[in-house]
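Taking it in order: structure first as C-alpha cells, then the write-up.
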Amino acid sequence: MATGNGNRKSPSNAVKIILVIVAVVFLISWISKATTGMADSTWLNIRDGFLITFAAFLTLSIFSFLYNDNPFYKFAEHLYVGVSAAYWMCLGFWSIIVGNFVPHASKTLSTFFKVPFQEYSWFYYVAFAFGVILLMRLLPKAGWIARWPLAVIIGTTAGFNLSRYLHSDFMSQVGNTFQPLFVDWQGAGHFFSNLSLAADGQLVMSAGNWIVVVGVLCGLVYFFFSKEHKGMFGAASRLGIWILMITFGASFGYTVMGRISLLVGRITFLFDDWLSIL
Amino acid sequence: MLTNQDHSFSKSHPCHIIVIILSFVFSGFGASAQAEDTATVATYSSDISPAVDLPPITLLAVDTDNDNGGSITISWDDAGYSELPQFRGYEILRRSIQANAPVLVGTAPHGSSSLVDKSVSDDTTYVYYVAATVGEERFVSDSSSHVQSTWQIYNTTLTPLLIALIIVGGSVIFFIETAKRGRKLFLRKIAGLEAVNEAVGRATEMGRPILFVAGIADIDDVQTIAGLTILGRLGRTIAEYDTKITMPTRTSLVMTAGRETLREAYMAAGRPDAYSDDMVFYVSDEQFGFAAAVDGILVRDKPAACFYLGTFHAESLIMAETGNLIGAIQIAGTAQPAQLPFFVAACDYTLIGEELFAASAYLSEEPRQLGSLKGQDVGKAVAMMLILAGVLIMTLASMWELDTMNQLQQLMRDLFSLN
C-alpha cells in the first residue's frame, strides 16, 4: 500500500489477480449492456453501456473504502478530484471572467467570447484588479501586496455580516422567544379540569413554550464565557448543554435518515440501471 | 377627453374613463381615438349594475418609506365595490404626468387594500388610478395626487438594530480598551481548547503530521475566518514543536489566507525557515471531491491530530469518522447546527457554535479578542434580560386581557421583528 512517505511496494500476486477479475467482470458487464441496449445505434449502445458500467465501477470503488484504502478507491478518488478541480476551474473562467467581467469590460472581448456586451462598469475593473493583485504573490518581491485584497475581502465580509447576523441571530431569535408561559390562560380551575395531551391543548402548548424559553436561557448561559460555571449558573449551564445534546440527537437521526435515502438511490442505480434486476 | 390635466380626467364620467383606459391597456395608444368614439356607446345602466350608486374609490399613493427608491405604495378604500356579487378584483393603473396613457401595473384580489409598485423610476412623477372590476365593467377611481419615489438615507425600522449594535459594539470597544490598559479579563475554560496543546504534543511524540481543515466555505464566511484565527495560534505551537502540518483547502482564497496565516505564525515562533507553502494546498471546489481527498490523506498520512474548524456540511461525518478510524485525536468546531451532532459523535472535543469564535480569543489572550468576547457576553446578558421581560409581558398579556399589556406585547413584537 502506498503511504504518504512515498514508499511504494509492487502489488502482490493476489492484488494482481483481483485486478484482473474486476477488469473481466466489468468488461463482461459492458459487453452485456452494449448488446442489450435499446438505443437505435450500435455505437450509442456501446457508449451507454460503457457509461453505466463505469459509473457502477466508480460507485463500488468508493464503497470499497468501507473495507480499507485500496487501489480502486485511490483511482476513483484521484479521478474525482482531478475532474472536479478542472471542472470548477472551467466553470470559474466561463461564469466569472467571461460571464461577468467581459460583458462589462470590453466590446472586443465580448465579441470574441460571443457574449452580449452590456455596459462599462468601473466596479468590475476593481474586482479584476483585486484578482491580479492576488496573483502578485507569485512574484517574490511583490508578494506582500497580495494581502491587500485579502484584507479588503475579510474586512468587508466582517462588516457586512455584522448587521446581518445581529438581525438574524440576535434580534429575530430574541423576538421569537417571546412566548407566553401559559397559553390561553383562563384560571387554574379551567386548566386542571381540561388537562389533555392533545398537541393543540393548553398543557402541551404551554409546556412547549416553557421548554423553548428555559432551553434558550440555559443555552445562553452555557455560551456565557465571562463567569465560571458553578452553583446555580453551573446547573443552568449543564441543563443548557443537555438540551443541546438532545437537539443534536434528534438532528443526528433526522440527517441519517436523509443519508439512507442517498444510499437507497445508489443501490437502486446498481441493481436497476446496471444489473437490471429490480 | 384624455388630457394631461388630471383635473379634467378625474371629473370625467366613469364610463368614459373606463373605456378610455381599457382602450389604452388592451388595444394600445393608437386605438384611443376609436375608444373615445365608442365611449358614449359603451354603457352600463343602474338596472344591471347597482355599483353606479356607489361613491368612487378613494386612493392614496405615497412614496414607500424606508427604501432605496423605485417604489410607490398605493392604498385604497373601495367604497363597497368588493361587496358586489360579481366583484372580480382590482386593477391598479399608473400614468406618468408626461404621458397620456395609463398602464396597468398590477392587480389585487378581493380583500386587498394596497399594492406596492416597484416598477417606477425616481425621476418621474406619476398619478395612479384603481379600478374595481365588477362583472365585465370597471369602475375607476379619481386620480391620485402626484407622487414621486425617493430613497431614504436612514431606515427607521432598523432603529432597534442600531440600538443593539451600539450596546454590543460599545461593550466590545469598552472591554477592548479595558484589556489594553492591562486589566485582567476572566474567561472560563473551554474544554476543547485545553486539548489543543495535548493534540500537538501527541503528534510531535508520534512523529506524525497534524491535519487542519478550515471548513469548506470560502474566505467570506465568518466561520472560516474563525478557523484561520485559531490556525494562527495553533501554527505557532506547531512551529515551536517542529511538527508537520497538512492543510488541504477547498477554495483558492482560503489556501492563500491559510498560507499567510501559517507563514506569520512560523515567523512569530521564530521559525520562518521551517515554513513551506506546500503545507497548505488546494484540492478541489467540489464538496465531495474535497472530502474524498481528505479521506485519502487521513488513511495514507495517518495524522495524529485532526482539526476541523470552520463551516462544514454533509462531508463532516465522512471526514470525522475516517479520522476516528485511524485513531487520531480530533478537535472540531463549527456553527452549523446540522453538522454538530456528527462532530460530537465522532470527535474527541467539539467546539459548539460560539465556542468556535471564543476559541481564538481564549488561545491568543490578546486584548482585542478578549475584549471582543467580553463585549459579546454583555450582548448575551442583554438578550437574556430582554427574553425574560418579553416572556413576562407575553404571559401577563395572555393571562389578563389588559390593553396596556396587549400594547406592550405588540410593541415588543414590532421592535424585534423589525417591521
Side-chain angles (χ1 to χ4, degrees), chain A residues 2-4 62 65 68-69 73-74 76-77 80-81 83-85 87-88 92 134 137 146-147 150 153-154 157-158 161-163 165-167 170-175 177-185 213 216-217 220-221 223-229 244-245 247-249 251-252 255 259, chain B residues 160-161 164-165 168 186-188 190 219-222 225 253 256-257 260 283-286 288-289 292-293 295-297 299-302 337-338 340-342 344-345 352-355 358 373-374 377 379-381 383-384 386-388 390-391 393-395 397-399 412-413 415-418:
Chain A
T3 69
I62 293 289
F65 186 73
N68 206 344
D69 191 27
Y73 177 75
K74 282 180 191 167
E77 174 204 325
Y80 192 8
V81 170
V83 169
S84 62
Y87 170 77
W88 279 95
L134 269 174
R137 62 179 298 107
R147 294 180 181 182
L150 270 182
I153 292 167
I154 293 173
T157 302
N161 283 340
L162 177 64
S163 62
Y165 283 124
L166 202 61
H167 184 187
F170 186 83
M171 301 293 287
S172 297
Q173 299 265 18
V174 169
T177 315
F178 293 163
Q179 303 291 341
L181 295 176
F182 300 103
V183 178
D184 193 23
W185 184 257
V213 173
V216 169
L217 288 174
L220 277 170
V221 167
F223 289 111
F224 204 78
F225 299 100
S226 299
K227 188 171 166 55
E228 199 72 69
H229 287 178
L244 283 173
M245 289 303 160
T247 310
F248 291 161
S251 176
F252 191 99
T255 313
R259 303 289 169 84
Chain B
L161 197 65
L165 187 65
V168 177
F186 172 78
L187 275 187
R188 74 168 171 86
I190 301 171
I219 196 70
D220 60 350
D221 190 293
V222 69
I225 296 170
L253 279 179
T256 308
E260 288 295 329
V283 175
S284 167
D285 274 88
E286 171 65 31
F288 291 106
D295 269 6
I297 292 167
V299 293
R300 281 156 222 152
D301 290 356
K302 292 194 166 42
L340 277 166
F342 299 118
V344 169
I352 301 169
E354 206 194 340
E355 285 182 330
L373 193 58
K374 296 289 275 190
D377 274 358
K380 281 171 231 163
M384 282 192 270
L386 286 171
I387 288 171
L388 284 171
V391 168
I393 289 169
M394 297 296 162
T395 305
S398 170
M399 294 175 79
M412 294 292 273
R413 286 198 192 282
L415 280 177
F416 285 87
S417 62
L418 303 179

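Since this is a predicted model, take the numbers as computed values, not measurements. Below, chain A is the first sequence line, B the second, and so on; all start at residue 1.
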>> Can a donor-acceptor pair be found, under 3.5 Å and without considering hydrogens, that links the side chain of A:Tyr73 to the backbone of B:Ala292?
In response: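 Yes, the answer is positive, given that a donor and an acceptor are paired below the 3.5 Å cut-off.
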>> Test your reading of the model: is there a side-chain donor-acceptor pair from B:Ser398 to the backbone of A:Phe182, 3.5 Å cut-off?
In response: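 Judged by distance alone, yes, a pair lies under 3.5 Å.
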Heavy-atom pair count under 4.5 Å with chain B, highest-scoring of [options]:
options: A:Phe170, A:Phe225, A:Tyr165; value: A:Phe225
options: A:Ser251, A:Ser226, A:Ser163, A:Ala146; value: A:Ser226
options: A:Asn161, A:Leu134, A:Ile153, A:Leu166; value: A:Leu166

Measure [X] against the heavy atoms of chain A and call it side chain, backbone, both or neither at under 4.5 Å.
X: B:Ile190; value: side chain
X: B:Val391; value: both
X: B:Ile387; value: both
X: B:Ala381; value: both
X: B:Glu354; value: both

When [options] are compared by non-hydrogen pairs under 4.5 Å with chain A, the top option:
options: B:Val168, B:Asp295, B:Ile219, B:Ile393; answer: B:Asp295
options: B:Pro337, B:Pro341, B:Ala257; answer: B:Pro341
options: B:Gly353, B:Ala397, B:Gly390; answer: B:Gly390

> Under 4.5 Å between any side-chain heavy atoms of A:Thr157 and B:Val222, yes or no?
Replying inline: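 Counting from C-beta outward, A:Thr157 and B:Val222 never come under 4.5 Å.
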> Does any non-hydrogen side-chain atom of A:Leu217 lie less than 4.5 Å from one of B:Leu388?
Replying inline: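 Side chain of B:Leu388 against side chain of A:Leu217, heavy atoms only: contact under 4.5 Å found.
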>> Return the CD to CG distance between A:Glu228 and B:Leu187, rounded to the nearest 0.5 Å.
In response: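 Here the interatomic distance stands at 10.5 Å.
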Minimum heavy-atom separation for [X] and [Y], please, with both atom names.
X: A:Ser84; Y: B:Glu286; value: CB-CB, 3.2 Å
X: A:Leu181; Y: B:Thr395; value: N-OG1, 3.0 Å
X: A:Lys74; Y: B:Arg300; value: CG-NH2, 3.1 Å
X: A:Glu77; Y: B:Gly296; value: OE1-CA, 3.5 Å
X: A:Leu220; Y: B:Met384; value: CD1-CG, 3.5 Å
X: B:Asp377; Y: A:Phe223; value: OD1-O, 3.9 Å

>> Show, in sequence, the C-alpha distance, side-chain angles and deciding distance for A:Leu162 and B:Leu165, and conclude whether the side-chain contact (heavy atoms from CB on, under 4.5 Å) test is met.
In response: CA-CA 9 Å; A:Leu162 177 64; B:Leu165 187 65; 3.5 Å; yes
